Amino acid sequence: MPSPAPAPGSPPPPPAGTPRIPWWRTGWARVGFVLAVPALGVLNAFLGFLMLVLALVLLWWGNVWRKRWKATATLAAVILFGAILPPAPRDRTSDTVAEADEKARIAGGPDGSSTPAPGTKPKVAPKVPDYRGMRLDRARKKAEADGFTVGDHNASDQDDAIWMRSNWTVCFQRARTSSSSASTIDFGAVPTDAPCPERDGEAIPWPPMPDLVGATWKAAQKKLVALGVRPDRAHADTAYVNDQLPDEGEYDKWQVCTHDPARKQPVTDTTWVRLRLSAPDNDCPAGAGRDNGSAELPDRDDDGDPDYHDPFPGDRNRNSTFPDGLSGSSGGTGGSSSGSSGGGGWGGCRSRWC
């Protein structure tokens, strides 16, 4: 039965089989994502940054706009995000403390103190609470509630500005009180995962990498955690290029042959540690610190499965992965299928993520 004709003046129906465009890939949606960058950035700089990344992806991925329109929209998104970012807080807070100190010097002597009048007792400076060890944003809030004009700065030798004070910890504090009872305090802080330097403005004393060669994977992990390295930042690899790690938890007794960073290198809060391991049945390769995993274990049948691990060390068509023979192989010792000659491809993956 033929379908009824559309009413006069109504738009023609879309052709059958035409895919619908998802709403988030329409032009208006892309414009909305760009405008959402400053809206979310005002609430939280990190959320604004995530929205900026998402907007840029949508502007360039599968977008039929002309290239100059894409470039214009990209520039607009970046400018909108930059417009809502606050200025570096270090400069602002340092100026605040400097202004308070200048007022104190005007009211008193050159060092911010004043000489008491004859017959009067000098004022005793109030006891300053100890804010060290506190998160910087909480220390500032508490110090302001205690009546201080607060400033902060990077306590390390890097001289970087402080962003997101919730990720910084107070190491040093310096308080001053003028004759007019104006109190200022300046905090020296470092990133939360960093140790405090011995003195304000000195280098952060990152712990050195210990010598883990000879230790088992499990023992090495414990030492790294005690050093402050998160477990997800320590990765295991094989010391031999044709070896392969078993499933996680099954190589706890494998020994460390080399590691990166090397011994005595600083381990910072962003360091990734890589440990190259060897099975208990094998020794570490000679010159393990120089070959960086390029040494190979004996593999007589050249099937990518080392002899110590291969239940069929003389049969090229069978190994620990394919005990019944490689798929499509013709059978027999020394032969192989056309797609697996030379054992190519069986020894390329050496980590537990394969």
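Small disclaimer: the values here were computed from a predicted structure and weren't measured.
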Visitor: Mind checking whether Trp272 and Leu275 sit in one hydrophobic cluster, side chains of I, L, V, M, F, W, Y counted as touching below 4.5 Å?
Guide: no
Visitor: Go through it in stages, so that I can follow the logic: the residues are Asp186 and Phe148, the test is side chain to side chain contact (heavy atoms under 4.5 Å, CB included), and I'd like the CA-CA distance, side-chain angles, deciding distance and then a yes or no.
Guide: CA-CA 9 Å; Asp186 188 39; Phe148 289 95; over 6 Å; no
Visitor: Are the side chain of Asn242 and the backbone N or O of Leu297 linked by a donor-acceptor pair below 3.5 Å?
Guide: yes
Visitor: For residues 200-218, pull every pair meeting salt bridge (Lys or Arg N to Asp or Glu O under 4.0 Å), keeping only residues two or more places apart or in separate chains.
Guide: Arg199-Glu202
Visitor: Side-chain contact, heavy-atom cut-off 4.5 Å: Ile204 with Pro195?
Guide: yes
Visitor: Is there side-chain contact between Ile185 and Val128, with at least one heavy-atom pair below 4.5 Å?
Guide: yes
Visitor: Is it the case that the side chain of His153 and the backbone of Ala155 share a donor-acceptor pair, with hydrogens and angles ignored and the cut-off at 3.5 Å?
Guide: no
Visitor: Would you call Asn167 and Pro191 a side-chain contact if the rule is heavy atoms closer than 4.5 Å?
Guide: no
Visitor: Can you measure from CZ (Arg276) to SG (Cys284) and round to the nearest 0.5 angstrom?
Guide: 12.0 Å
Visitor: Measure the spacing between CG of Leu212 and CG of Leu227 and express it to the nearest 0.5 Å.
Guide: 8.5 Å
Visitor: Please test Asp137 against Trp168 for side chain to side chain contact (heavy atoms under 4.5 Å, CB included), starting from the C-alpha separation and ending with a verdict.
Guide: CA-CA 8 Å; Asp137 59 332; Trp168 292 68; over 6 Å; no
Visitor: Do Tyr240 and Pro298 have side chains that get closer than 4.5 Å, going by heavy atoms?
Guide: no
Visitor: Shared ILVMFWY cluster between Phe172 and Val170, side chains joined below 4.5 angstrom?
Guide: no
Visitor: Report the C-alpha separation of Asp252 and Trp217 in whole Å, then their side-chain angles, then the decisive distance to 0.1 Å, and conclude whether the side chain to side chain contact (heavy atoms under 4.5 Å, CB included) test is met.
Guide: CA-CA 5 Å; Asp252 288 347; Trp217 163 253; 3.5 Å; yes
Visitor: Applying salt bridge (Lys or Arg N to Asp or Glu O under 4.0 Å), name anything that partners Asp146, two or more places apart in sequence or on another chain.
Guide: Lys142
Visitor: Can you confirm whether Val256 sits close enough to Leu277 that some side-chain heavy atom of one is under 4.5 Å from a side-chain heavy atom of the other?
Guide: yes
Visitor: Should Val229 and Val225 be counted in the same cluster of Ile, Leu, Val, Met, Phe, Trp and Tyr side chains packed under 4.5 Å apart?
Guide: no
Visitor: Just verifying a value: how many Å separate Ser166 OG and Leu136 CG, rounded to the nearest 0.5 Å?
Guide: 9.0 Å
Visitor: Rounded to the nearest 0.5 Å, how far does CE of Met209 lie from CG of Leu224?
Guide: 5.0 Å
Visitor: Looking at every heavy atom in both Pro205 and Pro197, which two are closest together, and how far apart are they?
Guide: CD-CA, 3.6 Å
Visitor: Side-chain contact, heavy-atom cut-off 4.5 Å: Arg233 with Thr271?
Guide: no
Visitor: Report yes or no: do Leu80 and Val53 belong to one cluster of Ile/Leu/Val/Met/Phe/Trp/Tyr joined by side chain heavy-atom distances under 4.5 Å?
Guide: yes
Visitor: How long is the span from the CZ atom in Phe187 to the CD atom in Gln173, to the nearest 0.5 Å?
Guide: 6.0 Å
Visitor: More than 12 foreign heavy atoms under 6.0 Å from CD of Glu198: is that the case here?
Guide: no
Visitor: So Cys257 and Pro285, do their side chains get closer than 4.5 Å, heavy atoms only?
Guide: yes
Visitor: Show your working on salt bridge (Lys or Arg N to Asp or Glu O under 4.0 Å) between Arg274 and Asp260 and close with a plain yes or no.
Guide: CA-CA 5 Å; Arg274 184 181 186 187; Asp260 182 29; over 6 Å; no
Visitor: I need the Lys67 NZ to Lys70 NZ distance, nearest 0.5 Å.
Guide: 8.0 Å
Visitor: Given Tyr251 and Thr216, is the side chain to side chain contact (heavy atoms under 4.5 Å, CB included) satisfied, shown in steps?
Guide: CA-CA 9 Å; Tyr251 52 87; Thr216 64; over 6 Å; no
Visitor: Provide the closest heavy-atom pair for Glu250 versus Pro246 in the form atom of the first, atom of the second, distance.
Guide: OE1-CB, 3.6 Å
Visitor: Quick check: is Tyr131 connected to Val190 through a chain of hydrophobic side chains (ILVMFWY, heavy atoms under 4.5 Å apart)?
Guide: no
Visitor: Within the 4.5 Å heavy-atom criterion, are Thr74 and Leu56 side-chain neighbours or not?
Guide: yes
